[in-house]
Amino acid sequence: MDTAGTHRTPHRVTWPTLLLTLFAVPALAEEGMSAESVYYGLNNLYLLVSAALVFWMHAGFACLEAGLTQSKNTVNILAKNVAVVALAGVSYYVIGFNLMYPGEFNGFLGFAGVGLATATEAGYADGAYSMFTDFIFQAVFAATAATIISGAVAERIKFHAFLIAALLFVTFIYPIAGSWKWGGGFLDAMGFYDFAGSTLVHSVGGWAALTGAIILGPRRGKYTKDGLKPIVGHSIPLATLGVFILFMGWFGFNGGSVLAMDAEAVSRVWVTTFLAGCAGGAAAMVTAWVVLKKPDITMILNGMLAGLVGITAGSDVIMPWPSLLVGGIAGVLVVFAVVFIDQKLKIDDPVGAISVHLVCGIWGTLAVGLFSVDPEHTVMTQLVGVGAVGAFTLVTSIAIWLVLKVTIGLRVDEEEEVNGLDVAEHGLEAWPEFKSAT
Amino acid sequence: MDTAGTHRTPHRVTWPTLLLTLFAVPALAEEGMSAESVYYGLNNLYLLVSAALVFWMHAGFACLEAGLTQSKNTVNILAKNVAVVALAGVSYYVIGFNLMYPGEFNGFLGFAGVGLATATEAGYADGAYSMFTDFIFQAVFAATAATIISGAVAERIKFHAFLIAALLFVTFIYPIAGSWKWGGGFLDAMGFYDFAGSTLVHSVGGWAALTGAIILGPRRGKYTKDGLKPIVGHSIPLATLGVFILFMGWFGFNGGSVLAMDAEAVSRVWVTTFLAGCAGGAAAMVTAWVVLKKPDITMILNGMLAGLVGITAGSDVIMPWPSLLVGGIAGVLVVFAVVFIDQKLKIDDPVGAISVHLVCGIWGTLAVGLFSVDPEHTVMTQLVGVGAVGAFTLVTSIAIWLVLKVTIGLRVDEEEEVNGLDVAEHGLEAWPEFKSAT
Amino acid sequence: MDTAGTHRTPHRVTWPTLLLTLFAVPALAEEGMSAESVYYGLNNLYLLVSAALVFWMHAGFACLEAGLTQSKNTVNILAKNVAVVALAGVSYYVIGFNLMYPGEFNGFLGFAGVGLATATEAGYADGAYSMFTDFIFQAVFAATAATIISGAVAERIKFHAFLIAALLFVTFIYPIAGSWKWGGGFLDAMGFYDFAGSTLVHSVGGWAALTGAIILGPRRGKYTKDGLKPIVGHSIPLATLGVFILFMGWFGFNGGSVLAMDAEAVSRVWVTTFLAGCAGGAAAMVTAWVVLKKPDITMILNGMLAGLVGITAGSDVIMPWPSLLVGGIAGVLVVFAVVFIDQKLKIDDPVGAISVHLVCGIWGTLAVGLFSVDPEHTVMTQLVGVGAVGAFTLVTSIAIWLVLKVTIGLRVDEEEEVNGLDVAEHGLEAWPEFKSAT
């Protein structure tokens with residue numbers, strides 16, 4: 001009934017800390033503990049928790065994309081999602097991070113050198129958090145942008161072609177576009193506002209998804225002489241779980257973007273994020289019910305994501321009431337966008353990524369101009385940001401897709417597509433025991 | 001090898017924060033940073049993390065209920081769980097929150113007006129956390145109560161009838177019952193104790209589940225002339241994952257209910273919650289082994305949930321040793337309750353929600369009277385709370401179910417029930433590739 | 001538009017807190033709130049969040065192991081994972097915790113008495129965190145060690161035999177081995193270093209997995225006269241989700257092992273953990289592609305886990321660049337180990353647990369000697385720790401397996417193994433609707 005006195009010693013007194021304290025700034029040593037030093041710990045904890053939640057979004061994308069595609073391509077899409085995290089983590093460490101946050105630079109392109117230092121320098125991020133915290137929060141963000149693409153090009157792209165594209169994307173395109181605003185570049189200077197990345201993450205991923213889906217062309221059998229043949233996802237439970245994961249992760253994505261545990265701002269961002277996601281789901285359900293005559297669950301799910309993407313750019317400057325409006329409009333928008341892109345434009349996007357991330361990413365960015373409490377945010381400035389990032393991502397992603405197409409080839413051959421990518425590319429099936437005669 | 005100096009600027013210096021600081025109280029500006037202001041940030045962080053964990057429970061309920069029902073009704077039950085979160089988020093914002101926490105009121109019914117203010121007023125919650133933090137933590141709680149119902153009425157209720165019932169429930173019934181205790185109403189005044197909601201959340205949901213299951217009647221083919229035909233769940237992996245998610249979320253559900261990062265109390269609540277959940281699972285396994293001759297995994301899973309529901313009312317006032325007892329008894333209880341309700345009462349509850357949430361919710365509330373370290377908690381007072389909340393929820397939920405029944409109808413027609421609700425109500429199947437000839 | 005003034009009262013003023021404040025040390029009462037007391041709250045919050053993440057790993061193991069085995073044994077493996085958590089939680093509370101942290105002891109074996117006190121004593125853990133926080137963080141760790149075993153002995157072990165073995169393991173073997181280092185025992189005294197448990201958790205579990213797999217023998221039909229017949233896992237989506245969960249949980253596993261919210265150290269541990277996991281996944285993918293000709297997703301997944309296991313022993317003393325190396329080597333190693341153990345040694349480990357946890361656990365422990373920034377960490381000392389813990393676990397686990405074998409029997413009979421353990425042992429199927437003719 002008694003408890004121990006000797007335990008794993010708290011880290012404060014171990015050697016590396018002592019060493020690092022030499023060049024680390026806000027030491028939490030007992031002597032001299034101050035409200036500021038505890039606040040530094042609190043900020044770091046908040047951002048690390050947020051990083052874990054954003055990391056968790058990768059599981060969400062994997063489940064969502066696997067659920068909304070066919071079982072014969074499930075191993076492939078899961079492998080893409082896992083491999084992107086692995087490769088992005090390494091490449092963003094080596095190059096991407098310091099390309100996105102180059103320090104003093106010309107506003108268009110800068111690079112602070114490879115990798116990280118071994119300890120946080122004094123004054124880093126105005127003393128708000130450590131370099132390591134900064135890196136991991138940014139790194140998990142980076143991989144999400146690449147993951148957005150994988151859904152739109154699913155079920156027909158070559159595995160290694162996708163990996164190369166995703167790697168170039170995470171290492172160069174995403175960080176360079178990001179540097180224009182978050183790195184303090186020219187979009188930042190001109191007043192463009194994108195709090196957590198409706199444009200910098202979601203539209204950037206969305207543009208690459210759009211160009212990829214167009215250049216690859218639709219899946220065989222989707223658009224036939226006899227009209228559009230829907231190709232349904234193989235697991236709605238997986239897709240639903242994926243959306244719950246993504247919603248949960250969004251609290252870290254938007255909330256963590258406050259970059260400090262400023263309780264009033266942080267909790268308001270959580271609320272606007274929550275309300276916009278709920279409103280998006282509710283609005284998409286009603287819209288689908290009216291327009292498509294059924295409360296299609298994939299529309300409810302994409303509506304939630306649409307609302308979340310929509311509020312991302314302005315979740316700190318849009319108040320709770322208008323956040324319901326921003327999310328709700330996104331939910332309506334996504335239903336029409338999915339139908340329009342699929343049936344009118346005949347662009348084959350198996351999971352609706354273009355509608356969710358590109359269309360609602362643009363909507364959310366413009367919504368800042370309409371609903372922000374800061375009068376300096378205007379629709380015009382927001383449009384310039386959308387246009388600049390869009391043009392850059394369009395051009396560079398088209399270039400990547402085309403170069404890959406003429407060199408190693410983008411698309412799997414017909415036999416592989418018909419039989420499924422899993423066996424051909426990976427040598428195993430996702431659900432080997434449950435194959436039925438569909 | 002060098003790192004950047006310019007980054008996404010920490011939020012402390014942005015415009016909205018400056019504005020809001022005008023009416024927000026515990027500003028975290030560098031100047032004047034105090035232990036109190038950092039503690040305010042810490043409290044808010046703790047409650048936001050708890051809110052994320054409780055939000056996560058919605059994924060748990062979705063997985064559990066989908067796993068324990070048939071694949072032909074899986075889209076339907078997933079859609080219910082997703083839609084409930086979406087609708088509850090909006091409606092609890094507009095009405096429910098201020099009905100549950102009306103401020104000064106007569107102890108039975110009060111309403112503080114629609115929606116939230118745009119910033120936290122001075123002295124809000126005694127300065128412990130922001131209004132937004134309060135709202136989001138309460139909002140994710142609210143939706144769980146409605147989700148409890150969906151399992152018990154699964155596989156036979158009309159989708160829109162369920163949504164209307166759930167909406168009325170989250171918007172009015174749950175908040176009004178909650179106001180009696182947590183809002184400072186008459187049950188609070190008379191000393192009734194329900195720390196995190198064995199009664200206010202779980203029993204409330206459980207009573208509505210009970211009345212719904214009775215009024216709907218059993219699924220076709222369950223109780224036949226030839227006796228009871230078990231209808232087995234289609235995915236034990238989903239159900240198991242759901243319980244792990246719920247268990248994890250319960251740390252936020254019970255732990256967050258401390259409403260402050262009081263380390264000693266919070267960590268003790270986490271421990272009693274953990275021990276009761278473990279004891280419930282272990283006890284249910286042994287009970288099922290002895291009584292049913294097999295360690296039925298659905299019993300182990302429901303036993304864990306039973307232990308967690310059981311400790312919810314007293315997780316802060318019941319110490320670790322007795323928490324093992326409270327959880328263990330709940331684990332035994334749930335096995336007998338499931339069998340009794342199913343075989344003797346012939347009430348068809350596909351997931352065992354009534355046994356877990358109502359039976360063990362009542363047990364947990366009474367257990368406070370037995371095991372609380374506070375001598376003012378008595379079984380008699382607890383019984384009054386159980387009775388008052390039970391009577392109110394019984395009457396109101398019966399009214400809702402009956403009005404829906406005679407107006408739009410509660411139950412799907414025979415053909416739809418036999419073929420499954422997914423295709424008829426939602427136009428798609430959960431696992432379209434795996435249908436086998438069962 | 002107004003908000004309430006009366007809410008669920010923050011816990012600070014409730015009765016039990018007042019009572020406990022009498023013997024609890026760093027009270028967070030308003031009067032006398034200091035930076036130290038807030039830091040105490042912050043530390044506790046960090047460790048509780050870490051505990052939730054480690055708890056979450058149990059869901060990860062359950063999904064991974066279920067996904068990599070056959071559907072006819074899925075209920076069984078899920079039940080093992082759930083039951084282990086339930087039993088371990090109780091037994092580690094009653095005995096394990098105070099066997100692992102016995103306070104003053106002879107360095108080999110000590111016991112501080114059953115259970116926990118009802119409040120934290122003054123000076124507990126140097127005032128860094130509460131006794132309850134300490135317990136729950138350690139308890140969720142304990143169960144992971146047992147869960148490692150279940151994958152290696154899957155699809156052929158008797159349910160109750162496994163439970164007894166796991167219970168003995170969590171209650172005695174794991175805590176005793178752990179006391180040698182983390183409890184301040186002889187390995188600690190001689191300078192052995194194992195930050196978060198490459199040896200104390202992963203190798204310990206891995207040795208028991210190895211001996212169990214050998215003593216049980218391979219699954220029927222695996223090694224035949226016609227050579228090795230691969231038995232493929234039934235759900236790659238489950239396995240993939242499991243690895244994402246485990247990766248996420250590892251931030252708590254390694255990060256929480258700092259045992260204090262020392263921001264610089266904590267955030268660095270998160271980064272090295274993240275980089276090693278990513279490098280492990282990337283390296284395993286490339287290795288599998290080269291060696292096995294396909295980017296086998298199970299290898300990418302095990303590669304991530306291998307990298308995470310590898311960095312576990314030194315995640316605080318190995319810097320980011322070398323952490324890429326430690327993780328990458330683990331990723332290469334695991335591919336060869338899986339093939340070697342399976343094809344050369346003919347030890348049947350359905351999920352690759354021996355390769356991931358034992359092989360890479362040893363590698364990670366030795367890597368501390370190679371890459372630690374602390375010159376006192378040597379390969380030789382690390383080898384002694386690996387050897388001492390390995391010898392102890394080998395001997396005791398062989399004893400347990402053999403005693404079980406000659407008493408109640410370890411292995412299910414042939415008919416049960418062929419038909420699957422689910423129906424025979426648990427009376428239900430995991431996916432009753434999807435059985436196909438494989």
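Labels below follow one simple rule: chain letters A, B, ... track the order of the sequence lines, proteins then strands, and each chain is numbered from 1. Values reported hereafter were calculated over all heavy atoms of this structure, with side chains retained and with hydrogens, waters and symmetry mates removed.
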Bottom line for B/I245: the part with an atom under 4.5 Å from chain A's heavy atoms is side chain
Here the gap from B/F132 atom CZ to A/W270 atom CH2, rounded to the nearest 0.5 Å, amounts to 15.0 Å
dist B/L116:CG -> A/R268:CZ (nearest 0.5 Å) comes out at 11.5 Å
When the 4.5 angstrom heavy-atom criterion is applied to B/T74 and chain A, the contacting part is side chain
- Item | Check: B/L428 and A/V232 side chains under 4.5 Å, non-hydrogen atoms | no
From the list A/G303, A/G307, A/G327, A/P237, the residue making the most non-hydrogen contacts under 4.5 Å with chain B is A/P237
CG (B/L238) and CG (A/L241) are apart, to the nearest 0.5 Å, by 7.5 Å
The reported gap from NZ in A/K294 to CG in B/D422 (rounded to nearest 0.5 angstrom) is 11.0 Å
If one checks every heavy atom of A/V271 against chain B at 4.5 Å, the contacting part turns out to be both
Honestly, the part of A/T298 sitting under 4.5 Å from a heavy atom of chain B is side chain
Honestly, the part of A/W56 sitting under 4.5 Å from a heavy atom of chain B is side chain
When you compare the side chain of A/L324 with that of B/V90, does any pair of heavy atoms fall below 4.5 Å? yes
message: Working note: A/E264 + B/S130, criterion side-chain hydrogen bond (donor to acceptor under 3.5 Å, both in side chains); need CA distance, chi angles, decisive distance, verdict.
response: CA-CA 6 Å; A/E264 184 77 9; B/S130 83; 4.7 Å; no
Checked B/A51, B/A66, B/A52, B/A35 vs chain A; the most non-hydrogen pairs under 4.5 Å come from B/A52
Bottom line for B/A143: the part with an atom under 4.5 Å from chain A's heavy atoms is neither
Do B/H426 side-chain atoms and A/P295 backbone N/O form a donor-acceptor pair below 3.5 Å? yes
Between A/I236 and B/E429, is any pair of side-chain heavy atoms under 4.5 Å apart? no
Rounding to 0.5 Å, atoms OG1 (A/T240) and CD1 (B/I77) come to a distance of 11.5 Å
Worksheet entry | B/E433 side chain vs A/Q70 backbone, donor-acceptor pair below 3.5 Å | no
Q: Can you label the angle between the B/F55 ring and the A/F247 ring as parallel, tilted or perpendicular, going by 30° and 60°?
A: tilted
Counting heavy-atom pairs under 4.5 angstrom with chain A, the leader among B/V82, B/N44, B/N76 is B/V82
_Could you tell me if the side chain of A/F244 sits less than 4.5 Å from the side chain of B/F61, heavy atoms only?_
no
Turns out that what part of A/F251 lies under 4.5 Å from chain B's heavy atoms comes down to side chain
Output for pair (A/W321 CH2, B/Y93 OH), nearest 0.5 Å, gives 5.0 Å
Highest number of heavy-atom pairs under 4.5 Å with chain B among A/P320, A/S179, A/A282, A/G281 belongs to A/P320
Shortest non-hydrogen pair, B/G41 vs A/A263, comes out as CA-CB, 4.3 Å
So, the part of B/L78 with a heavy atom under 4.5 Å from chain A: the answer is both
Applying a strict 4.5 Å limit to non-hydrogen atoms, the region of A/M285 in contact with chain B is side chain
Does the side chain of B/V38 come within less than 4.5 Å of A/M261's, by heavy atoms?
no
Below 4.5 Å, heavy atoms only, C-beta onward: do B/F135 and A/S267 meet side chain to side chain?
no
